[in-house]
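Written out below as structure tokens is the structure these notes cover.
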Protein chains: 2
Amino acid sequence: MTSEPPVRKRDATATKALILDAAAVLFAERGFDRTTVRDIAARAGANQALLFRYFGSKEALFEEVVARGGREQLESTPAAALPAAMIRRLLTGDGQSIAVFLRAAHSDRAAAEVRARLGDDYTRVLATLTDAPDAELRAELVLAWVLGLGLVREVAGAEPLRGADPDEVVRLLAPAVRTLLERAE
Amino acid sequence: MTSEPPVRKRDATATKALILDAAAVLFAERGFDRTTVRDIAARAGANQALLFRYFGSKEALFEEVVARGGREQLESTPAAALPAAMIRRLLTGDGQSIAVFLRAAHSDRAAAEVRARLGDDYTRVLATLTDAPDAELRAELVLAWVLGLGLVREVAGAEPLRGADPDEVVRLLAPAVRTLLERAE
DNA sequence: CCACTTTGTAAGCGGTTGCTTACAAGCTAG
DNA sequence: CTAGCTTGTAAGCAACCGCTTACAAAGTGG
């Protein structure tokens with residue numbers, strides 16, 4: 001019997017993008033280990049064999065997701081506004097990039113390298129906010145705070161933070177961050 | 001006390017403890033998903049079937065590890081000294097409890113509950129450090145910072161923090177934490 | 001001593017995983 | 001048209017996973 005054909009257009013770059021997007025969402029939602037290539041392919045509406053043809057491996061796909069997501073914000077935000085922007089992005093939850101970064105905890109060495117390099121980039125930008133001799137250490141402490149925020153919110157889902165107004169959080173954190181960065185000793 | 005039999009070859013409680021210890025180390029090191037029950041049993045020098053006899057499931061074992069590890073420090077440290085103690089424990093790396101807590105990110109709902117409850121306990125204790133009306137939110141921000149510290153150190157392994165002196169880190173963080181907690185508005 | 005329970009072991013089952021292979025179908029050049 | 005490349009698909013492989021089962025050995029009470 002002649003059933004209706006799914007009539008799919010053949011577009012490699014579009015399929016690639018679909019897979020990449022699906023992977024970004026799922027990696028952010030469940031982390032690397034709990035996301036299967038079958039899930040990604042299903043969400044992208046693509047055959048899973050294509051995932052391997054276009055990206056080589058699950059690891060490589062993950063690396064592309066991490067690398068792509070992180071740098072957008074970094075390149076489009078001035079240093080002084082970066083902490084607040086990171087926090088807002090984290091709390092409003094509409095950005096997956098930091099979530100993916102968080103979720104990268106358990107992944108392989110190759111992905112860990114991408115992640116570390118991205119973290120270094122953030123640290124370097126944040127370090128321009130202070131003229132203390134240990135600027136990088138202080139910057140890293142700021143980065144740690146932001147990531148910890150995401151961790152507590154996403155992982156623990158603790159009540160006060162989950163329902164808190166992002167502006168309120170920024171208002172509380174700002175003076176403390178300033179103290180950390182300005183305090184010369 | 002001479003009434004104890006000196007050496008027991010077959011000792012259920014000892015085996016249980018061995019499994020629990022091995023699990024704590026491995027969960028802290030690799031996280032839940034990347035730790036296999038075979039690895040745990042091998043490290044404990046026990047047969048993996050015993051793991052299921054004594055703990056029921058991998059999830060249940062994980063819950064016991066998380067629950068056991070977290071409360072020790074919480075019960076033995078006065079509130080005022082808790083932030084510094086947490087940071088030191090995190091940075092010196094000899095305590096696995098917080099690492100396990102960190103690693104608990106991707107685990108199941110049952111474990112997530114244990115984790116959330118433990119996080120609430122920490123938050124509650126930290127909240128006693130300030131008399132601001134939004135004490136719990138501020139406390140949670142402190143907790144977030146400490147956990148983020150662990151995340152950056154363990155996950156990103158970034159250079160300044162990895163080699164940093166714990167005392168130095170505490171010295172940098174202390175004023176900022178004080179600012180966060182004391183700032184009334 | 002024997003019957004019974006507890007502790008430890010060996011083997012494997014069913015399911016899932018990342019990844020591969022063999023092949024069909026669409027597109028374009030000649 | 002058709003040859004040859006690209007894009008998509010169906011099926012399955014080998015390895016590993018959490019977990020179970022069947023059974024042997026050690027300890028204990030009567």
Side-chain angles (χ1 to χ4, degrees), chain A residues 2-23 26-27 29-66 103-104 106-112, chain B residues 3-23 26-27 29-66 103-104 106-111:
Chain A
T2 59
S3 60
E4 35 199 310
V7 197
R8 258 176 217 173
K9 43 181 178 178
R10 291 160 43 97
D11 189 343
T13 54
T15 306
K16 239 170 125 168
L18 280 175
I19 293 175
L20 214 51
D21 290 343
L26 292 179
F27 282 145
E29 239 171 56
R30 315 179 193 172
F32 182 83
D33 289 321
R34 302 244 160 149
T35 302
T36 73
V37 294
R38 284 172 174 83
D39 290 339
I40 296 173
R43 182 176 238 272
N47 190 289
Q48 63 157 324
L50 294 177
L51 190 152
F52 293 95
R53 175 131 75 204
Y54 293 140
F55 299 97
S57 72
K58 184 189 176 187
E59 274 288 339
L61 172 59
F62 182 78
E63 286 173 42
E64 279 208 34
V65 169
V66 174
R103 293 294 195 183
H106 312 281
S107 55
D108 217 60
R109 283 174 197 160
Chain B
S3 61
E4 303 214 7
V7 172
R8 286 198 287 175
K9 285 177 69 178
R10 289 156 48 95
D11 188 342
T13 56
T15 305
K16 239 169 126 169
L18 280 174
I19 293 175
L20 215 50
D21 290 343
L26 292 179
F27 282 144
E29 238 171 56
R30 315 179 192 173
F32 182 82
D33 289 321
R34 302 243 159 151
T35 301
T36 73
V37 294
R38 285 172 173 84
D39 289 339
I40 296 173
R43 182 177 238 269
N47 190 289
Q48 63 157 325
L50 295 177
L51 190 152
F52 292 95
R53 175 131 74 204
Y54 293 140
F55 298 96
S57 73
K58 184 188 175 186
E59 273 288 340
L61 172 59
F62 182 79
E63 286 173 42
E64 277 208 34
V65 169
V66 174
R103 294 296 197 182
H106 311 282
S107 55
D108 218 60
R109 283 174 196 161

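Lettering of chains follows the sequences in order, A, B, ..., and the numbering in each one begins at 1.
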Quiz item: Separation of D33(B) atom CG from dT17(C) atom P, in whole Å?
Solution: 11 Å

Quiz item: Do you know the tightest heavy-atom contact between K58(B) and T35(B)?
Solution: NZ-O, 2.7 Å

Exercise. Rounded off to whole Å, could you give me the CG-to-C1' distance for the D11(B) and dT28(D) pair?
Key: 16 Å

Quiz item: What is the distance, rounded to the nearest whole Å, between atom CG of N47(A) and atom C1' of dA25(C)?
Solution: 14 Å

Quiz item: Roughly how far, to the nearest 0.5 Å, is the CG atom of N47(A) from the CD1 atom of I19(A)?
Solution: 9.0 Å

Quiz prompt | Among dG12(D), dA25(C), dC19(D), the nucleotide that comes nearest once only the side chain of Q48(A) is considered | solution = dG12(D)

Quiz item: Which pair of non-hydrogen atoms, one from A12(B) and one from Y54(B), has the smallest distance, and what is that distance?
Solution: CB-OH, 3.5 Å

Self-check item: Step-by-step side chain to side chain contact (heavy atoms under 4.5 Å, CB included) determination, V66(A) to E63(A)
Solution: CA-CA 5 Å; V66(A) 174; E63(A) 286 173 42; 5.9 Å; no

Quiz prompt | L50(B), nearest nucleotide to its side chain (from dG26(C), dT9(D), dT9(C)) | solution = dT9(C)

Practice problem: Name the closest nucleotide to the F52(A) side chain, picking from dT20(D), dC27(C), dT20(C). | Solution: dT20(C)

Exercise. Using a 4.0 Å heavy-atom cut-off across all strands, classify F55(B) as base, sugar-phosphate, or nothing.
Key: nothing

Quiz item: Distance check: side-chain N/O of T15(A) vs OP1/OP2 of dG8(D), anything under 4.0 Å?
Solution: yes

Practice problem: Could you check how far NZ of K16(A) sits from P of dT7(D), rounded to whole Å? | Solution: 10 Å

Exercise. Please state how far atom CZ in R30(A) lies from atom P in dT17(C), giving the value in whole angstrom units.
Key: 10 Å

Quiz prompt | Length of the line joining R38(A):CZ and dA10(D):P, which is rounded to integer Å | solution = 14 Å

Self-check item: Residue mapping more 5' on DNA chain C - nearest nucleotide basis, A49(B) or A12(B)
Solution: A12(B)

Quiz item: Reckon Y54(A) has a side-chain N or O less than 4.0 Å from the OP1 or OP2 of dC19(C)?
Solution: no

Self-check item: S57(B) vs R53(B), nearer the 5' end of DNA chain D by closest nucleotide
Solution: S57(B)

Practice problem: Rounded to the nearest angstrom, tell me the gap between atom CZ in R34(B) and atom P in dT17(C). | Solution: 14 Å

Self-check item: Separation of dT7(C) P from R10(B) CZ (nearest whole Å)
Solution: 7 Å

Exercise. Determine yes or no for a side-chain-to-main-chain donor-acceptor pair under 3.5 angstrom, with K16(A) supplying the side chain and F55(A) the backbone.
Key: no

Quiz item: Across the strands shown, which category fits T13(A) at heavy-atom distances under 4.0 angstrom: base, sugar-phosphate, nothing?
Solution: nothing

